[in-house]
Amino acid sequence: MIPPMLFLVVFYISMILLSNQMLNSTLEEKENRVREMILTTLNPTTLITGKIISLFMVGLVQILVFLAPVGLAYLFFRDSLALPEMNLSSLVFEPGPMITGTLLLVGGFTVFTGVLAAIGAIMPTAKEAGSIFGPLVAMMFIPFTHSAWSSRTRAPSSCRSSPTSR
């Protein structure tokens with residue numbers, strides 16, 4: 001169960017880190033009239049697809065940069081920091097959920113960044129785009145909070161739902 005949940009964590013972290021960057025890059029191209037110059041040589045679909053793929057790659061690099069110090073600190077300073085030993089042998093890596101998680105991660109990232117690129121293309125300034133960007137990011141967390149509330153109704157005495165019951 002834990003490995004598929006990692007895809008959800010990667011999705012939310014990548015959206016938090018990269019969504020504003022996608023919106024701003026689209027708006028900057030529009031405001032500086034760079035887009036017109038680029039579109040004389042490229043197809044618009046190719047431009048947006050390239051932006052989404054490159055942003056996804058930048059996101060993966062950023063996540064690795066954030067996780068590398070944590071992993072290195074765990075490996076080298078585990079004993080001096082009195083960190084517990086991690087036993088990953090109990091994790092089950094089933095191919096079906098892992099493939100589904102990967103497809104949902106890539107699909108969700110593509111849809112969300114595509115929507116942000118569309119917002120950047122429609123809105124004239126960054127200030128006006130910001131008024132839509134905030135609620136859009138907040139709506140991204142609705143499924144996550146819904147799953148937390150629904151788990152409370154399934155197991156009201158569990159440690160996961162106890163903090164939300166007060």
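All values below were derived from every heavy atom in this structure, side-chain atoms included, with hydrogens, water molecules and symmetry-related copies excluded.
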From Thr110 atom OG1 to Leu105 atom CG, the distance as rounded to the nearest 0.5 Å | 8.5 Å
In sequence, state the C-alpha distance, the side-chain angles, and the governing distance for Phe133 and Ile119, and then conclude on side-chain contact (heavy atoms from CB on, under 4.5 Å).
-> CA-CA 8 Å; Phe133 175 70; Ile119 289 171; over 6 Å; no
Drop me the distance from Leu23's CG to Met123's CE, to the nearest 0.5 angstrom.
-> 9.5 Å
Indicate if Phe66 and Leu55 have the same hydrophobic cluster label, given that clusters are the connected sets of ILVMFWY residues with side-chain heavy-atom separations under 4.5 angstrom.
-> yes
Point-to-point distance, once rounded to the nearest 0.5 Å, from CD1 of Ile53 to CD1 of Ile48 | 11.5 Å
Could you tell me the separation between the CG atom of Leu18 and the CD1 atom of Ile63, rounded to the nearest 0.5 Å?
-> 7.5 Å
Is there a path of hydrophobic side-chain contacts, each under 4.5 Å between heavy atoms of I, L, V, M, F, W or Y residues, that connects Met139 with Leu104?
-> no
Residues clustering with Ile99 (ILVMFWY side chains joined when closer than 4.5 Å, directly or via others) = Leu103
Same cluster for Val106 and Met57 if Ile/Leu/Val/Met/Phe/Trp/Tyr side chains link at under 4.5 Å?
-> yes
Listed once per pair and sorted, the ring pair (Phe, Tyr, Trp, His ring centres under 6.0 Å) pairs that draw on residues 10-47, sequence neighbours left out = Tyr12-Phe141, Tyr12-Phe144
Report whether Val10 and Leu67 are members of the same hydrophobic cluster (ILVMFWY, side-chain heavy atoms less than 4.5 Å apart, transitive linking).
-> yes
Same apolar cluster: Ile16 and Val61, side chain cutoff 4.5 Å = no
What heavy-atom pair brings Gly120 and Leu27 nearest, and what distance separates the two atoms?
-> O-CD2, 3.3 Å
On a heavy-atom basis, the closest approach of Leu136 and Leu116 is CD2-CD2, 3.7 Å
